[in-house]
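In this text the structure is predicted, and so the values were computed from the model without any measurement. The chains referred to below are lettered A, B, ... by the order of the sequence lines, with proteins before strands, and numbering in each begins at 1.
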Amino acid sequence: MMTTAVAHEVTYLEAISEALDEEMSQDERVFLLGEDIGPYGGAFRITEGFQEKYGEWRVFDTPLSESGIVGAAIGAAMMGMRPIVEMQFADFISCAFDQITEMAAKNHYRWGAAVPMVIRAPYGGGVHGGPFHSVCPEAWFFHTPGLKLVAPSTAYDAKGLLKSAIRDNNPVLYFEHKFLYRRVKETLPPEDFFVPIGEAEIKRKGRDLSVITYGAMVHIALEAAEQLDQEGIDLEVVDLRTLSPLDRHTIVDSVGKTSKVIVLHEATKTGGIGAEISALLAEECFSSLDAPILRIAAPDTPVPYSPPLEEFFLPKARDVIAAARQLVAY
Amino acid sequence: MMTTAVAHEVTYLEAISEALDEEMSQDERVFLLGEDIGPYGGAFRITEGFQEKYGEWRVFDTPLSESGIVGAAIGAAMMGMRPIVEMQFADFISCAFDQITEMAAKNHYRWGAAVPMVIRAPYGGGVHGGPFHSVCPEAWFFHTPGLKLVAPSTAYDAKGLLKSAIRDNNPVLYFEHKFLYRRVKETLPPEDFFVPIGEAEIKRKGRDLSVITYGAMVHIALEAAEQLDQEGIDLEVVDLRTLSPLDRHTIVDSVGKTSKVIVLHEATKTGGIGAEISALLAEECFSSLDAPILRIAAPDTPVPYSPPLEEFFLPKARDVIAAARQLVAY
Amino acid sequence: MEISKPEFLQLYYYLLLTRAVEERVTVLYRQGRIAGGVYTSHGMEAISVGYACALQSDDIAAPFHRDMGAFLVRGITPGEIVAQYLGKRTGPTKGKDGNVHLGDLNRGIFAFVSHLADNLPVAVGAALAFKLRGESRVVVTNTGDGGTSRGDFHEALNLASVRKLPVIFFCNNNQYAYSTPLHHQMAIQDVVERAKAYAIPGEIVDGNDVAAIYLMAQSAIQRARAGGGPTFIECKTMRMHGHSEHDSAKYVPRELLEEWKKKDPILKAEQSLKQLGYVDDVELLEVRKRVEKDIEAAVEFAEQSPLPEGPETLEGVYAETLVEVLA
Amino acid sequence: MEISKPEFLQLYYYLLLTRAVEERVTVLYRQGRIAGGVYTSHGMEAISVGYACALQSDDIAAPFHRDMGAFLVRGITPGEIVAQYLGKRTGPTKGKDGNVHLGDLNRGIFAFVSHLADNLPVAVGAALAFKLRGESRVVVTNTGDGGTSRGDFHEALNLASVRKLPVIFFCNNNQYAYSTPLHHQMAIQDVVERAKAYAIPGEIVDGNDVAAIYLMAQSAIQRARAGGGPTFIECKTMRMHGHSEHDSAKYVPRELLEEWKKKDPILKAEQSLKQLGYVDDVELLEVRKRVEKDIEAAVEFAEQSPLPEGPETLEGVYAETLVEVLA
Ligand SMILES: Cc1ncc(C[n+]2csc(CCOP(=O)(O)OP(=O)(O)O)c2C)c(N)n1
Ligand SMILES: Cc1ncc(C[n+]2csc(CCOP(=O)(O)OP(=O)(O)O)c2C)c(N)n1
Ligand SMILES: [Mg+2]
Ligand SMILES: [Mg+2]
């Protein structure tokens, strides 16, 4: 664990550790449960040293039971605790689907009992994990009222959103992208800071075309933007950061300004969150749209393992560039 | 069970029974498993008399284990059987989510082993079932490549699609709408017939405006169409019938012709299947669209129990009428 | 252990009240006044009355769908219950949910969800909170025989035992899960066998004997409070009505029902009360009258309560984020 | 029961082959040639070799992630396995999946999914198909100690027992699930205790004794074929490498590993083979040489195999619907 008293450069992964550490030290109600998060520090070592610091009960290794531990987190949350469950990989959240959608999501609506719980879900491809260690499962939960979904793309957002998630009174699914863990870095301010849930951020201002995206694809969009800049095409990159509830305002405003839009995500295309963004725009921005709404996403297949296949599967900056040119020419 | 040798009027519910009966008598590999489907004939009595006719093994009561029985169906399917699992209510499919998305959906893609299995899921509201006996869960599975999803709106489609689903070599989720069970009736032809998976049907031809919908909402759309007819507004009603894979062709053609569109479903709005339809149209029909794409769907809440709340929750013909007027005036 | 007169009278009162509330709700259902389904605990009232009476006020009950008694004992009023069934705004879910899908954190009772066994890991989590904070509070939860076949049952009991959490698992073995008899549900004779897989001490108790259940709950609760971990208690009983009030339960042999009718928990409690010399018929009649009055008041309250209005559908999806916390 | 020389030599060959394939794959991993993770069965090879050798050709194996031996015994060639690891088109999944996530219906072996215990209900379903058709085929499946904590374990065993299906559940108790020791996984001492919850006969066997496992598998299989239903067999063993090859497993006490090293299944098999008078050192060396050759051929095959091409990503999401069926 790192000290956070001064401005310091941290990776996305370290930013997550810091958020956990700060919230645990400020709030006794916060505790961690999951598989191999104790002495081992988690599959990605995010909680390394935590058990030593916070003890065997505030950081504990559970049996291999995703549904059971999410259920237990719900119960503890109702009793005033602030549990944070680590899924070893986001893929295994399918095993806890029922507790999340039926118990956690509906609880407050039905009888007013809040479930302040965070589920951390290390997700996404690009790490040769194959069909069961690469999935982007966020859309599975996007259609379930009562959940909040966040998916940071930078170290700053990773820390700020996790701190907000922990203090939120609702079940929050926190999608942390494995590909970004050690690949993005940033200097963070020394003081407590929060990124509010529900607010998108314009990561790059632009005139010609909006790219609405989140997670690892933010960096793909920024990469494309840089290249397109040389052709005189000026991309605006909107990072959703929160997927649910959506920041409809920022999305609509950006497209209202640029009149053209690409919706980009790593998750497979059909039924992805991008569909909702497109639908929202087709409903609310119709009169300002100057071109079809293009979606760029992974094809509708499981995530394949072999490098040439995974390479083919993942959306690339060149896809964004091609689509942008097409739209500008439209 | 009914004899099917002559043309005869049946309810949607009876049509489902008939499809099961016909396929079981023609194909020894077909068998049924689920809770209370044996002597009791299922919560909705769809398999009444089946155990007597087909024996204790081809129609059997399982322990209360949705995940286990879906898993078992997958194993049996790989061994050449054609299992049909009954969920007592579609809501409980959340308990089997993992087996469906991880095992059934990815199996053929990964190693070429087909999983010819049907899961029958009695779904939908309007029957005062409250948050756990009313859900429209289809979008949960819409984002998972490898599954087929069907959702008939008429007795004819209910029978024809179920027969096709049973003969399909893929896992098919069959969404049967509880509200329609005894409320829609139709005279069915005496001979074996099939409704192909993957083909939408235009349930009403119209000039002015397309309504893309499925399930119980088809009847809402038709009701609205009849009333609008008197105002000289001519609605086209497209019944998707199959949700996955989508019949993009029919959707795009219809809107290409009418230039205006309402997407209607009973499931909650955000992240619903309607979002994909809108996105598809915003992508592929942009130049022929003359107005915003409007979606009508349930609000983003669990399905409430109390009648005035459920009444408020469910989309109504009057919503379609209002939207249609708005679009025609656009 | 002995059971005192006031304790037994309290148990008796709640047995009667539970029966009466459910009977009245059944009448309302038959009159078409209740939109949704009605699942009663008729003949099994002793279980939830017994365990709930053994709890202290700051403990938690995490009941299942045949635990009407627990709601009443925890202080949900009969009026609130009838209002809940009628979908009224004064029901604890304000019309959002139906039947016994209700709860109240202030009164220490969790709302059940339909998905069977989902309540068990949640109960374990409440016990985990108590353990984490070093409180001596306990949780009591319940499942049907059918519910024990679900994965969440397994995951909950395992976690509770590994962490020695203060949670007591009741199992309401009424021999059927909807139409499915026990031998199609499991290959073991007694559900309590399941507890061995977790090294959880298991007990069998007469599910129609409210005093026995109360005492057994007390000792399990005591053990749990003292850090002894979970207990599993199988209550042998019989579902005397259909699965829900629309089910005639033809699949249950009539003789079985006849046999169990003689063991009715209210009858049994009355016999014991008299044997112990705690009451005579006059006193019993007084309790009955009290219950009758309670029920009339409840129905009146519920009937006079307003229905929610449509737009209330949109309320409460999210809990508000406390401003002072995020400041 | 006695084990014949050809049987034991076959077991021995597959023990060696399994070890050799995994060692070679580990080398390739260290060389950076394998994109994904590598999970070996080093030190536990006896289990999957033992049970797989007890199967007939039309039986089914539904292995888990440390059952390399089962793949080899069922006839997946070492070349195919190395190709699978390298993501080559000649691997049984054509590059779609990695490591031992492979299977082949023609060779009677199911492909595992990562989600632990998911394979168990599926194995039960295959056994159900056999029972439905009155075939005398059986299914053998396997889970780790950790996997037994998942709900699907519970649901699978319960269903198998209620329906008396011909399925044998092995449990590879190697004392850890990733970094989690058994006592944080369950409160019981022996995993076999779990079988009692389902009235499934349970056995414990030395997980490093391939002959004992083979014989025990045989008798359980025989019972299952004869309609006697499922058996649960706990194999006591030790995970000798890290969870995967990137894990140094510092959390495992070194002494424990030292102790278990002496019980290595290959050593043990060699001792038994000699004790039984079946072989001398010369014959053992011959088997080793055969294995070495097999491995070299395998690596060559795999290295010369082509990688799949990008667009193959799109193939195979759906199985084609057979035209004659829908005619
Ligand atoms: C996961 C799940 N599957 C199916 C159902 C439908 N269902 C409701 S009650 C019931 C039977 C419950 O039996 P048991 O657990 O023995 O409780 P009992 O009703 O007998 O008290 C079933 C199958 C459900 N509620 N949840
Ligand atoms: C449902 C699920 N949760 C988590 C994981 C991550 N994971 C992979 S292997 C493993 C430990 C498995 O332990 P065990 O079942 O004992 O098998 P072993 O590896 O020890 O042979 C874990 C936690 C997983 N694969 N599936
Ligand atoms: Mg029961
Ligand atoms: Mg293990």
Contacting region of [X] [heavy-atom separation from chain A under 4.5 Å]:
| X | answer |
| --- | --- |
| C:A123 | neither |
| C:F130 | side chain |
| C:H101 | both |

Answer with side chain, backbone, both or neither: which region of [X] has an atom nearer than 4.5 Å to a non-hydrogen atom of chain C?
| X | result |
| --- | --- |
| A:E66 | backbone |
| A:P196 | neither |
| A:I197 | neither |

Between [atom1] of [X] and [atom2] of [Y], what distance do you get to the nearest 0.5 Å?
| X | Y | atom1 | atom2 | value |
| --- | --- | --- | --- | --- |
| A:W111 | C:L102 | CH2 | CG | 9.5 Å |
| A:H108 | C:Y318 | NE2 | OH | 12.0 Å |
| C:E155 | A:L64 | CD | CG | 8.5 Å |
| A:R110 | C:K96 | CZ | NZ | 11.5 Å |
| C:R133 | A:M79 | CZ | CE | 7.5 Å |
| A:S65 | C:L157 | OG | CG | 11.5 Å |

Please determine, among [options], the option with the most heavy-atom pairs under 4.5 Å with chain A.
| options | value |
| --- | --- |
| C:L120, C:T93, C:V124 | C:T93 |
| C:A129, C:A126, C:G151, C:A160 | C:A126 |
| C:V162, C:L128, C:V139, C:D104 | C:L128 |

Answer yes or no for C:R163 and A:W57: cation-pi contact, defined as NZ/CZ to six-membered ring centre under 6.0 Å and angle to ring axis within 45°.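 Yes; both conditions hold, so C:R163 lies above the ring face of A:W57.
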Should we say atom [atom1] of [X] is surrounded by more than 12 heavy atoms from elsewhere, each under 6.0 Å from it?
| X | atom1 | result |
| --- | --- | --- |
| A:E56 | CD | no |
| C:K94 | NZ | no |
| A:E28 | CD | no |

Heavy atoms only: give me the nearest [X]-[Y] pair and the separation to one decimal.
| X | Y | answer |
| --- | --- | --- |
| A:M81 | C:L132 | CE-CD1, 3.9 Å |
| C:P121 | A:S67 | CB-O, 4.5 Å |
| C:L159 | A:P63 | CD1-CD, 3.5 Å |

Whether the side chain of [X] engages the backbone of [Y] through a donor-acceptor N/O pair (distance < 3.5 Å, no angle test) should be reported.
| X | Y | result |
| --- | --- | --- |
| A:Y109 | C:T313 | yes |
| A:N169 | C:E320 | yes |
| C:H115 | A:E102 | no |

For A:M78 and C:I60, what are the C-alpha separation, side-chain angles and deciding distance, and is it a side chain to side chain contact (heavy atoms under 4.5 Å, CB included)? CA-CA 11 Å; A:M78 283 200 279; C:I60 288 287; over 6 Å; no
As a quick check of understanding, evaluate side chain to side chain donor-acceptor pair (under 3.5 Å) for C:D152 and A:Q99, giving each step before the final call. CA-CA 9 Å; C:D152 275 19; A:Q99 283 285 349; 2.8 Å; yes
Quick one: do C:F110 and A:M103 satisfy side chain to side chain contact (heavy atoms under 4.5 Å, CB included)? Show the steps, please. CA-CA 11 Å; C:F110 282 179; A:M103 189 66 79; over 6 Å; no
